[in-house]
Every structure is written in C-alpha cells, then in structure tokens.
Amino acid sequence: MKEIKAFEEAKATGVNFKESGINSTMYWAYERSKEAGNDTIDFSEVIWDCDIEHIVKACRAYGIDHITISSTFSGLIATLSEFEKHGCRMDGLTKVKTSYTDWQTGEKQILPAILVRI
C-alpha cells in the first residue's frame with residue numbers, strides 16, 4: 001500500500017488529528033489496512049457524513065485514486081451517495097483482508113468490499 005508520509009510523521013510524533021489536519025477516520029482506516037496487508041485503504045468501520053469531503057480531498061492530495069469499503073454499517077447507501085456527490089464512483093466489488101486473524105485458519109479473513117474510485 002502507498003505510504004502516506006503525513007500519517008507516518010503524525011504517528012511518529014504523536015497523533016494530534018486536530019492540529020495536524022488529518023481526518024481520524026481516514027487515518028485509522030489507513031493504519032488497519034496496513035496491518036491487514038491490503039493494497040488500498042479499506043474502510044471497515046463507520047464513515048460519518050462529515051468525514052467524506054475530508055477523505056476525498058486527502059485521497060486526491062496524496063495521489064490515492066481508489067479506496068474500498070468493507071463495512072456493512074446501516075446508512076451505507078447514503079454514504080455511497082455522498083461519495084458520488086464529491087465526484088467519486090462505485091466500481092464494483094473486490095475483496096480485502098481484515099486486520100484480525102481468523103482463529104480457525106490462522107489467516108486474515110477475506111471480506112467483500114465496494115471499490116470506490118476517487
């Protein structure tokens with residue numbers, strides 16, 4: 001996965017999201033995705049409507065052309081609609097690894113995810 005220097009620096013110096021201008025939802029999705037070994041940032045938790053504009057702007061600023069959403073939270077359709085309002089499009093389904101290990105297989109669990117083009 002593409003390293004985001006601003007996120008890595010914030011982590012090294014102590015994350016202060018408000019002062020650094022880093023969206024916490026995107027930061028934690030980045031961290032969990034790295035831990036899982038995914039090639040792209042996967043949002044496995046709730047994405048709040050107020051985060052979407054910041055996520056899209058950050059992706060564009062950092063040269064990220066797609067993300068995935070594996071969370072099945074209620075309100076997902078409205079969230080996807082908000083991404084579209086910011087110029088993104090849904091581009092089918094893909095698969096991602098979770099950040100936890102399946103106790104039965106000893107491997108990262110694989111989940112379906114929506115591919116979102118930025």
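Of all heavy-atom pairs spanning Arg32 and Ser99, the tightest one is O-CB, 3.7 Å. In this structure, Ile22 and Ala6 approach most closely via the heavy-atom pair CD1-O, 3.7 Å.
Ile114 places none of its side-chain heavy atoms less than 4.5 Å from the side chain of Thr68. Annotation: side chain of Arg60 is in contact with side chain of Val56 (closest heavy-atom distance under 4.5 Å). Residues Met26 and Asp51 have side chains not in contact (no heavy-atom distance under 4.5 Å, counting atoms from C-beta outward). A 4.5 Å side-chain heavy-atom check between Glu45 and Ser71 finds every atom pair outside the cut-off. Within the 4.5 Å cutoff, the side chain of Trp103 has no heavy atoms near those of the Thr101 side chain. Inter-residue side-chain proximity for Tyr62 and Lys5 is flagged as unmet; no heavy-atom pair is nearer than 4.5 Å. Looking at Tyr100 and Lys108, their side chains never come closer than 4.5 Å, going by heavy atoms from C-beta outward.
Take Glu8 and apply the side-chain hydrogen bond (donor to acceptor under 3.5 Å, both in side chains) test, not counting sequence neighbours, and it matches Tyr30, Lys34. Among residues two or more places apart in sequence or in another chain, the salt bridge (Lys or Arg N to Asp or Glu O under 4.0 Å) test is passed with Lys57 by Glu53.
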With a cut-off of 3.5 Å and sequence neighbours excluded, list every side-chain donor-acceptor pair involving residues 83-93.
residue : atom : partner : partner atom : Å
Lys85   : NZ   : Glu82   : OE2          : 3.0
Arg89   : NH1  : Asp91   : OD1          : 3.4
Asp91   : OD2  : Arg117  : NE           : 2.9
Asp91   : OD2  : Arg117  : NH2          : 3.4

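Distance CG/Asn38 to OG/Ser44: 9.0 Å, rounded to 0.5 Å. In this structure, SG on Cys59 lies 10.0 Å from CG on Asn23, to the nearest 0.5 angstrom.
Leu115 and Ile118 end up in different hydrophobic clusters when Ile, Leu, Val, Met, Phe, Trp and Tyr side chains are linked at under 4.5 Å. Taken together through direct or relayed side-chain contacts under 4.5 Å among Ile, Leu, Val, Met, Phe, Trp and Tyr, Ile47 and Leu111 form parts of separate hydrophobic clusters. No chain of hydrophobic side-chain contacts below 4.5 Å, direct or via other Ile, Leu, Val, Met, Phe, Trp or Tyr residues, connects Val96 to Ile4. Transitive grouping of hydrophobic side chains (ILVMFWY, heavy atoms separated by less than 4.5 Å) brings Phe43 and Met1 into a common cluster. By the criterion of side-chain heavy atoms lying less than 4.5 angstrom apart, applied directly or through intervening Ile, Leu, Val, Met, Phe, Trp or Tyr residues, Ile69 is not grouped with Ile110; the two fall into different hydrophobic clusters.
Donor-acceptor pairing under 3.5 Å is lacking for the side chains of Asp42 and Ser33.
Side-chain atoms of Asp102 come within 3.5 Å of backbone N or O of Gln104 as a donor-acceptor pair. Checked by atom type and distance alone, the side chain of Thr13 pairs as donor or acceptor with a backbone atom of Glu9 at under 3.5 Å.
Salt-bridge formation is not detected for the pair Lys97/Glu107: no Lys NZ or Arg NE/NH1/NH2 atom is positioned less than 4.0 Å from an Asp or Glu carboxylate oxygen.
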